[in-house]
**Q** 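First, the structure itself, so that you have it in front of you.
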Amino acid sequence: MTIITDPPKGSFRLSMLLNDTRYRSLTLQAIAAILLALAIFYLANNVVTNLQRLGLNIDFSFLGAPAGYDINQRLIEYTSQSTNLKAAFVGILNTLLVAFLACIMATIFGVFAGVLRLSNNWLVSKLMSIYVEIFRNIPVLIWILIIYGIMTVVMPAPRAFRGEDAEAAMFLGISAFTNRGVYIPGPEFSRIFGEMGILSAGIGWLVAIAILICSFFGGRTVTRRATRIQEATGVRPATLVTNLAIWFLPLIAFFIITGLAFEIPELKGFNFKGGIKIGAPLIAIWFALSIYTGAFIAENVRAGIQAVSKGQTEAASALGIRPNRIMSLVVLPQALRVIIPPLISQYLNITKNSSLAILVGYADVTATLGGITLNQTGRAIECIVLLMLFYLIISLIISAVANLYNNSTKLKER
Amino acid sequence: MSDTSANAVAFVRTESVPASAPPVNAAGPVKWLKDNLFDGVGNSILTVLAFVAIFLILSNTMPWVINGIWDAPTLAACREILDGTTGACFAVLSERWNQLLFGFKYPTEMYWRPALAFAMLFVAFAPVLFFDLPRKLLIFTGLYPFIAFWLIWGGPIVNPILALVGLIVGYMVFVRLEKTSFAMAMGAGVVSAAVIWSLSKVIGSDSAIFSIGYLETVPSRDLGGFMLNMMLGVTCVSLSLPLGIALALGRQSSMPLIKYVCVIFIEFIRGVPLITLLFVASVMLGYFFPPGSGVDLFIRVVIMITLFSAAYIAEVVRGGLAALPKGQYEAADSLGLDYAQATRLIILPQALKISIPGIVNIAVGLFKDTTLVSVISMFDMVGMIRGPILASTDWNGVYWELFSFAALLFFVVCYGISQYSQWLERRLATDH
Amino acid sequence: MNKSVLFGAMTVASLAAGAAAAGTLEDVQARGKLNCGVTTGLVGFAAPDANGEWKGFDVAVCRAVAAAVLGDGNAVEFVPTTGKTRFTALASGEIDMLARNTTWTLSRDVDLKFTFVGVNYYDGQGFMAPKELGVASAKDLDGATVCIQTGTTTELNLADFFRANNISYEPVPIETNAEAQQQYLAGACDVFTTDASGLAATRATFENPQDHVLLPEIVSKEPLGPLVRHGDNEWGDIVRWTLNALITAEELGVTSANLAEMSAGTNNPEINRLLGTEGTLGEMLGLSATWANDAIAVSGNYGEVFEANIGESTPIGLARGLNAQWTDGGLIYSPPFR
């Protein structure tokens with residue numbers, strides 16, 4: 001027999017708000033809400049009074065006014081007469097570009113160094129530990145300044161390419177490495193898109209990528225068909241020639257039809273003209289972020305590989321799986337579960353650290369919206385709020401992707 | 001029979017052959033070389049490549065370092081001494097070391113004060129970092145912030161003493177009342193501490209007490225160089241620890257309002273780069289204070305960096321809290337401990353122990369990030385280099401020497417801390 | 001660790017305690033120090049020397065104001081500001097005045113609500129190029145890479161100039177002067193553009209200054225001067241007339257050498273009014289009678305300040321040019337002291 005005693009009704013006392021666990025959390029939250037509201041009111045009130053006293057206001061209309069300055073690195077059409085909003089967009093695209101490039105490069109550096117650090121070659125593994133320790137323990141700001149400085153001083157200036165006995169020569173006659181950037185041959189689709197000017201290369205490449213994607217699906221269909229036949233008859237038909245044809249013939253045909261030609265950069269006036277230019281600021285911040293973050297990723301990779309117990313490898317070989325299949329089927333999938341979450345947080349760090357691009361004159365969003373626009377319009381509060389909002393959105397997207405991945409690879413425990 | 005058998009065998013060896021030396025390539029340095037450097041074709045290629053890389057790096061930097069000039073008044077003079085040969089002008093370091101370490105405004109004759117504070121820092125941190133040391137040293141750790149404040153900023157010694165007394169009185173009131181109610185004790189403690197602190201206003205600033213132990217005041221704007229990095233790092237990490245723990249507990253709270261406030265705060269701070277927070281400190285935060293309060297840049301930067309690192313520490317501590325077995329929480333409940341007691345006596349001591357390596361990593365990262373203050377016109381180590389030293393007519397154009405020096409200092413400190421962290425991890429590893 | 005939090009809060013509280021809602025003049029007098037915003041380091045205008053003393057043309061203006069208000073030219077707290085932080089520092093009251101070679105423009109005056117009290121240096125944006133480049137005019141710079149020091153009106157002037165002349169260029173924005181210099185000297189940009197005075201100052205620090213030329217074009221008007229917040233006209237008047245006192249002193253031949261002799265009284269009534277031996281000009285401003293005397297005593301009159309910091313005898317070697325007295329064909333002109 002259980003007797004459930006209801007709490008005495010109708011005898012609510014004020015002290016119960018603190019002493020009774022049923023009400024206490026409500027009381028505490030109410031107090032917290034009041035304190036929070038007071039704090040927010042205090043700060044907001046201060047802002048309003050300060051701005052009023054100074055006769056200033058919060059006003060976002062400056063975004064629609066012409067920016068008035070030029071940007072050297074832009075992925076979309078932009079002139080000094082474009083609006084501040086457009087300048088911010090140019091900056092946003094530049095931030096995303098350098099973050100994307102640096103994430104790829106950092107992963108390459110990191111995996112390379114992480115694997116080599118576990119190498120049984122004493123010298124190489126020591127070198128890699130030195131790399132990791134040096135880069136992890138010195139501020140990224142110093143690295144960016146040092147790397148930009150080295151690039152500026154070590155690479156030749158365009159004027160070194162001039163004259164009969166020039167100090168510097170173009171690499172293989174088609175590319176130039178200067179301290180203003182790297183100039184490489186750029187494709188031109190002269191026959192069809194020729195008259196479209198600057199857009200031609202872009203559209204041409206989009207079509208080429210579309211063709212490649214089609215080829216990918218085509219190739220997969222062929223492979224699937226081969227597997228089906230193999231499962232049905234036991235004989236796998238030869239697919240190599242068909243696959244090669246599917247991958248390359250359409251692309252080559254496209255290039256021939258459109259008249260693909262490469263425009264080789266040449267020195268005209270002050271600078272190299274023609275071809276594709278990758279600016280020195282972009283290279284500097286890209287390389288600096290990659291090599292710095294690479295050191296952190298190397299540690300993650302090493303930890304991931306070491307986290308897979310040796311028993312797994314031994315069990316796999318006991319089952320008769322070949323060594324390279326052990327790596328791809330047993331060790332890597334388990335190591336990746338350990339490696340990927342910190343890897344994504346490193347990607348987040350790269351995106352946030354790309355805001356240091358202002359140190360090398362790369363026009364990322366901190367340099368346009370939070371830099372020149374802020375300086376020129378004096379709208380500090382507005383610019384910084386927008387800037388923080390942008391980074392916040394990017395970070396939330398990256399975290400959302402990370403959470404999706406973590407949930408999909410979580411050990412399913414029953 | 002025995003002799004016939006003896007005759008049947010022509011020769012019997014009665015003692016063993018002395019062991020011959022192993023082949024040259026199976027022992028000693030050669031074997032080591034073979035095993036570690038030239039084990040297979042791929043490895044040999046790697047080794048050769050590594051040697052080439054080392055050679056290239058050393059051949060390019062060593063002449064520069066070895067030919068370095070340590071004594072010259074200006075860059076021009078230094079270049080004259082070098083006379084066209086490759087060499088570094090380390091003279092800038094011997095000329096300006098004080099500015100690099102202490103900033104350009106800290107009075108020269110008072111360098112002993114921050115230096116002494118820096119030395120005492122080790123003593124203060126020792127009992128926190130190494131558990132074997134006598135616990136009584138922790139008293140010094142508690143006193144240290146007040147001593148360091150007095151040493152670095154100067155002013156009458158009464159101020160930090162009053163602050164300390166206020167804290168002690170507040171704590172004693174708290175302990176006395178704790179039995180009745182945690183919240184009430186907390187409130188009473190804060191009030192009594194505030195009463196003591198307001199005493200200094202009551203006494204009046206021209207009272208004779210203020211001349212006791214008076215050190216010349218140094219405004220925080222005059223702090224600079226590596227000292228500023230150290231101070232920002234130490235102050236912000238220390239301040240953000242309690243804040244981070246509170247945020248982590250708040251995030252785990254069952255009260256939705258508190259939980260979501262903490263979540264939003266943490267995710268917001270972690271979602272934006274530190275540099276935008278520093279921009280907030282330099283150009284926005286001024287508007288959040290009452291008109292004319294004039295909270296100086298150092299304090300504003302400390303506030304923002306503290307919030308920044310608190311969010312990261314909160315996440316580390318949350319990991320520690322999550323790693324505790326549920327049984328610990330249940331055991332505390334079954335003993336009849338309330339939330340404050342359970343957290344203070346059972347949960348936090350274990351959760352913090354798990355989080356220490358993570359917290360140390362955050363601290364190293366934060367210390368490196370203090371260099372970002374150079375972007376908002378504070379003269380820390382990097383700010384001194386990029387500002388006054390490179391802008392001066394004497395040393396305009398010296399980059400590598402200065403940045404190498406800065407890199408070296410940061411490396412020594414950060415590598416030291418990360419080595420400690422690894423040692424601690426091994427020490428705390430109790431699982432096998 | 002709990003202690004540190006409270007301790008920090010207390011520091012904030014004690015600093016905030018100095019709050020006062022009075023006018024800027026009363027604030028400065030109560031504080032005993034003038035907070036003056038300067039650059040983070042531009043030799044000749046404002047830069048700390050090897051001993052940590054701030055030196056320069058803008059610094060001298062700060063010191064003169066401090067002397068006029070507080071009677072002591074060293075009662076200045078120099079607050080280094082960047083292009084980004086300077087306006088907020090002034091608007092939020094962190095500094096009392098800004099003397100950071102800031103160009104007087106309409107939008108800064110009207111939209112950002114600052115009062116420019118005068119012009120202490122008439123500047124204009126110029127270009128510097130290596131001699132070997134063989135460029136004679138900025139109009140020949142089609143396709144050139146241009147290093148810009150950010151944080152001033154420079155970017156806008158540059159864009160306007162190239163657009164007006166219908167030629168193209170590649171901007172490389174750089175944060176600090178030292179880094180821009182490094183880029184320029186390494187050939188990462190063809191020309192370096194900033195205010196002509198800054199270019200001269202920069203060139204002076206080169207190993208081989210004669211290898212670089214300043215192009216003849218001056219593409220903008222840059223009247224640089226000290227500024228204060230809108231809304232406190234009394235304070236604005238003090239800064240304005242302190243600057244004018246330095247200028248008038250030069251016009252009237254009052255120098256730091258003959259100041260003592262002149263302040264005993266002369267038969268030039270304007271000098272007497274300026275130095276406070278006649279009339280009540282100081283009282284009108286809410287200052288002591290000897291305010292201008294004190295201001296001039298710190299580092300001399302306008303001409304002396306110019307010569308000592310950026311004049312032809314210094315490494316920067318700027319000629320007076322536009323910044324000569326109006327009597328010598330320049331633009332420097334002070335309203336009368338009457």
Side-chain angles (χ1 to χ4, degrees), chain B residues 75-76 79 95-96 99 103-106 108 142 145-146 149 159-160 163-164 166-167 170 193 197 200-201 219 221 235 238-239 241-243 279 282-284 286-287 289-297 299 302-303 306 375-379 383 386-388 390-394 396-397 399, chain C residues 1-8 10-22 27 31 33 35 39-43 47-54 77-82 84-89 91-94 175-179 181-182 185 201-202 204-207 315-316:
Chain B
L75 182 61
R79 281 182 178 148
E95 280 279 305
R96 298 287 178 106
Q99 294 197 350
F104 64 87
K105 277 299 280 291
Y106 207 91
T108 320
F146 303 96
F149 174 84
N159 283 342
L164 180 63
L167 272 180
W197 290 336
S200 71
K201 290 276 172 307
R221 195 172 288 120
T235 321
S238 324
L239 291 178
L241 256 181
L243 192 58
F279 285 162
S282 65
V283 304
M284 259 174 82
Y287 292 124
F289 292 108
S293 57
V295 177
D296 75 14
L297 188 59
I299 304 278
V302 165
I303 292 175
T306 302
V375 178
I376 55 163
S377 75
M378 280 178 94
F379 294 117
R386 295 180 70 208
L390 279 184
S392 69
T393 333
D394 293 349
N396 184 319
Y399 299 92
Chain C
M1 284 307 167
N2 217 349
K3 293 168 188 168
S4 322
V5 174
L6 295 167
F7 189 65
M10 208 194 67
T11 323
V12 176
S14 62
L15 277 160
D27 281 351
R31 206 187 301 131
K33 283 240 169 184
N35 289 336
T39 73
T40 50
L42 177 62
V43 174
D49 65 6
N51 304 320
E53 283 293 310
W54 283 93
E77 195 64 59
F78 290 101
V79 181
T81 56
T82 65
K84 207 183 268 89
T85 60
R86 56 179 160 179
F87 294 129
T88 324
S92 67
E94 188 185 346
E175 279 268 300
T176 68
N177 198 47
E179 275 150 27
Q181 232 173 60
Q182 185 194 21
L185 287 177
T202 306
T205 63
F206 285 173
E207 221 175 329
I316 292 151

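Every chain is numbered from 1 and lettered A, B, ... according to where its sequence line falls, protein lines coming before strand lines.
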**Q** Considering only heavy atoms from C-beta outward, does the side chain of B:K105 approach that of C:E77 to under 4.5 Å?
**A**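 Sidechains of C:E77 and B:K105: in contact.
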
**Q** Would you mind checking which part of C:D49 comes under 4.5 Å of any heavy atom in chain B, side chain (CB onward), backbone (N, CA, C, O), both or neither?
**A**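 The answer is the backbone of C:D49.
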
**Q** Looking only at non-hydrogen atoms, find the nearest pair between B:I376 and C:T82 and report the distance.
**A**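 Taking B:I376 first and C:T82 second, the nearest heavy atoms are C-CG2, 4.4 Å.
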
**Q** Classify the ring geometry of C:W54 against B:F379: parallel below 30°, tilted from 30° to 60°, perpendicular beyond 60°.
**A**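 The rings of C:W54 and B:F379 sit tilted, inter-plane angle from 30° to 60°.
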
**Q** Considering only heavy atoms, which portion of B:Y399 lies under 4.5 Å from any heavy atom of chain C: side chain, backbone, both, or neither?
**A** side chain

**Q** If you count heavy-atom pairs under 4.5 Å between each of B:Q99, B:R79, B:R96, B:M378 and chain C, which one has the most?
**A** B:R79

**Q** Quick check on C:F206 against chain B: is it the side chain, the backbone, both or neither that has a heavy atom closer than 4.5 Å?
**A**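 Neither part; nothing is under 4.5 Å.
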
**Q** Just verifying a value: how many Å separate B:S282 OG and C:E94 CD, rounded to the nearest 0.5 Å?
**A** 9.0 Å

**Q** I need the minimum non-hydrogen distance between B:S377 and C:T81, along with the two atoms involved.
**A** OG-CA, 4.1 Å

**Q** Rounded to the nearest 0.5 Å, what's the gap from CZ on B:F279 to OG1 on C:T85? Could you check?
**A**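 It comes to 10.0 Å.
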
